[in-house]
Amino acid sequence: MGHIIAVVGGKGGVGKSVFAANLAIAYQLNSKQRPLILDLDFQSLGDQNIILGLNHPKTIIDVTKSQTSVWEPKAVAPFMVNSPQGYSLIGAPREAALARDIDLDGLGKFLKGASQIFPWIVMDCGNGTEPHALKAMEQATLIFVVTTPDVIVINQTKRILAKVQELLFPPEMVQVVVNRFSQSNVINPQMIQKNLGRNPYFAIPDEPATCESALAKSQPFTIVNPGAAVSRAYSDLVRRMESTRMLDQLSKLNKPTGVAQKLQVIQGGAGADAPPAGDGNAALLARSKIGAVDPWTSMKLRIHRGLIDVVDMKKMNADVSDPKQKEVMREKTQKAILDILAKEDTSTLCPTRELRAQLVKEVLDEALGLGPLEDLLADDSVTEIMVNARDQIYVEQAGKPGLSKVTFSSEQQMMNVIERIVTPLGRRVDEKTPYVDARLADGSRVHIIIPPLALRGPTITIRKFPKKRITSADLVKYGSMTTEIADFLRACVEAKLNIVVSGGTGSGKTTLLNVLSNFIPATERIITVEDAAELQLGQEHLVRLETRPKNIEGEGEVSIRDLIKCCLRMRPDRIVVGECRGGEALDMLQAMNTGHSGSLTTVHANNPRECIGRLETLVMMAGMGLPLKAIRETVASAVNLIIQQSRLTDGSRKVTYISEVIGMQGETVTIQDIFIYKQEGLDKNRKIIGRFVPTGFIPKFVEEMEAKGMKISRGLFAVK
């Protein structure tokens, strides 16, 4: 198998990309074998194309998303460009939006296959802290950290080395290369060694004229000017590596796995897949996560006590608005934990790197993060987290609740986590205000209630915020609706029909409202009003408003009613209200009736008929004393369409009714179903089998839509 070399730089401008390219070419010139240069620097987005003068329409993103199961020369060829000089390149995407589509699993599979094709793969990994770079570094034989004799650069390099150490890469696998070195530099090798705590492996001389001339020609200087001192230095570096069989020796080391998640813990992030435990350690890891192993918990408590002595815990738990300050705080805490752990005898409790990393992660989560909830928040399959008590945490996965293995070690730990949630939002929870609604940094909705109202101790309920914006295509894929129904709803939104999404708790109302809101044309001004900001709209002409609860003196509350009245003075084309649950329903209906057509909202109800009754009740809560007939006339004239969203017994969420509000017939608001979801049985896995069927009724608003130039096929409504 070939060797993979990752090249990272602690700071931009150190010449990392130039180093990666010329290192690969120096290898090719010395060995006469073809290396592969892989551009994974998604911050620069295409520097290797400029350095090498090579371009190809395919990028590493296309490679990772390929359905190829076995990577061999013929499979790799369509994605790379070959240089006449004997090296190959797979470039980075040219747009940041495309870079987000990288498939990490696909990247790992490709690197494993490519290492059997190429003797050397040199990867330009940017600063080495992004998930795709970390995934690539897991496959690497050697990591070169490029620095320069500059005080600021060396300081940043020191941080990179510390992070790599925290991620448990073997120290001998990580080597420092000093680029642009000159004997006249004030900072000499001894000073670099003292600051970084290690000897630099190699120094590349500073020869700016040669480098700049080569860059201007879009050709590597090792090819343009092989006799230059800087070019000879690269040849010397390659020969040194080969003469000492450095890569063969490093290939025998045990590499860490799941480093992306570990670094996100250090940085305070979440969202990467949890690292798989090793086969021999799975049971111990599982026990350690739930705190069932007393020595494990005891060691964590000792580390916590040690942290109190060396770190200002109040400052550590305070909200730091500057992300850089947060990162510095986490790095300081991480280093303190490692220093304390170094004094502990961990040979029995943490015999492997994976368990040691798990212990550090749990302590850091409890000291700075949300404790045992961090892993659940990082798991994309978990949609809801329900903490009934400190030792009983349920999660919802695939629409079904189940008991999680993770627990809190104490109610005090729970209260610390609760404080971290509510304090940054300027809210508080105590005996005087024993419940609060809040949201996490990623937008996830949180409800907290504590004793004396909660008899079993503090209770936390988290509705997770999806990291990826859900589209109508996703709902079609999940079976929530059909493509025809999605197209019909898009037409209804574009035609500015007033739409109410009805459904029970957890049925997916907000998700569907979000999908419908994204159908609104980008040219229109949208104002959203929510209790807790959950909607993810992609339009730019957007204003988002959020309510505010009372302060500790019982003053300062701003309700949805207040915000709706405000937004009426803000020249909205569309008003989107997250949910009507009180007197704001009257203000919403009046807005629909007074020129703000195309407005959207949600209501709690079990079917379209109950939705009408629910709206009537909510309007009465406004306290205006309106007669029932006037309320019903207001509802009938304001609402055009009701979409019923339901969570079925198998956990799936589907659109079960799409109904038109026709008008008044006597004292009753009349509605007519357009589409319904018909259940037909269960399959062998107890999943509901059904289909979406039209009722044969053609909505009255179709003629109005056609008059506006929209084409609606009448066959869509035909009974099949």
Side-chain angles (χ1 to χ4, degrees), residues 489 492-493 495-505 507 509 513 516 527 529 531 559-569 572 574-646 655-676 695-705 707:
L489 293 180
C492 291
V493 173
K496 303 193 96 173
L497 299 184
N498 293 322
I499 300 174
V500 174
V501 178
S502 167
T505 301
S507 62
K509 299 186 303 298
L513 178 66
L516 296 175
I527 301 180
V529 179
D531 265 329
S559 67
I560 286 186
R561 291 199 70 177
D562 298 326
L563 293 180
I564 291 178
K565 292 174 183 176
C566 286
C567 74
L568 292 177
R569 302 182 181 94
R574 307 273 189 145
I575 299 173
V576 181
V577 177
E579 182 178 344
C580 286
R581 61 181 68 175
E584 64 270 9
L586 175 60
D587 301 289
M588 186 68 193
L589 293 173
Q590 287 181 326
M592 291 176 173
N593 272 327
T594 55
H596 298 91
S597 55
S599 298
L600 307 168
T601 190
T602 69
V603 167
H604 274 86
N606 295 320
N607 58 57
R609 172 51 61 189
E610 288 186 15
C611 176
I612 297 296
R614 172 75 171 160
L615 284 172
E616 294 171 2
T617 303
L618 295 178
V619 172
M620 292 179 183
M621 293 171 64
M624 302 298 291
L626 297 174
L628 182 59
K629 184 176 181 181
I631 293 174
R632 289 176 175 172
E633 288 175 346
T634 301
V635 172
S637 60
V639 180
N640 301 117
L641 198 68
I642 297 175
I643 306 171
Q644 183 68 37
Q645 179 81 10
S646 302
V655 173
T656 51
Y657 293 91
I658 298 178
S659 306
E660 180 186 17
V661 179
I662 298 175
M664 292 285 292
Q665 187 172 359
E667 299 287 329
T668 306
V669 178
T670 57
I671 59 175
Q672 179 65 52
D673 296 333
I674 305 170
F675 299 99
I676 61 172
T695 62
F697 174 77
I698 299 177
K700 292 183 177 179
F701 54 71
V702 167
E703 293 183 0
E704 298 176 10
M705 294 166 68

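Index from 1, following the sequence. Both backbone and side-chain heavy atoms feed into the values below; hydrogens, waters and symmetry mates do not. Bear in mind the structure is a predicted one, so any value in this text is a computation, not a measurement.
The two atoms that bring Val529 and Cys567 nearest to each other are CG2-SG, 4.4 Å, heavy atoms only. When all heavy atoms are compared, the tightest approach of Ala638 to Asn498 is O-ND2, 2.8 Å. Heavy-atom minimum distance, Ser646 versus Thr656: OG-OG1, 3.0 Å.
Side-chain N or O atoms of Arg574 include one that pairs as donor or acceptor with a backbone N or O of Gly598 at under 3.5 Å. With Thr601 contributing its side chain and Val577 its backbone, the two residues share a donor-acceptor pair below 3.5 Å. The backbone N or O of Ser507 sits less than 3.5 Å from a side-chain atom of Gln645, completing a donor-acceptor pair. With hydrogens and angles ignored, the 3.5 Å screen pairs no side-chain donor or acceptor of Lys700 with any backbone N or O of Ile662. At least one donor-acceptor pair under 3.5 Å links the side chain of Glu584 to the backbone N or O of Gly582.
A donor-acceptor pair shorter than 3.5 Å can be found between the side chains of Gln644 and Ser502. Checking Ser659 against Asp673 by side-chain atom types alone, a donor-acceptor pair falls below 3.5 Å.
For the atom pair Met664 CE and Thr634 OG1, the distance stands at 9.5 Å (nearest 0.5 Å).
A side chain to side chain contact (heavy atoms under 4.5 Å, CB included) with Val661 is found for one member of Thr670, Asn640, Ile642 and no other, namely Ile642. Under the side chain to side chain contact (heavy atoms under 4.5 Å, CB included) test applied with Leu641, the options Ile671, Leu516, Ile499 reduce to a single match, Ile499.
The shortest side-chain heavy-atom distance between Glu579 and His604 falls under the 4.5 Å cut-off.
With sequence neighbours excluded, the residues satisfying side-chain contact (heavy atoms from CB on, under 4.5 Å) with Ser559 are Arg561, Asp562.
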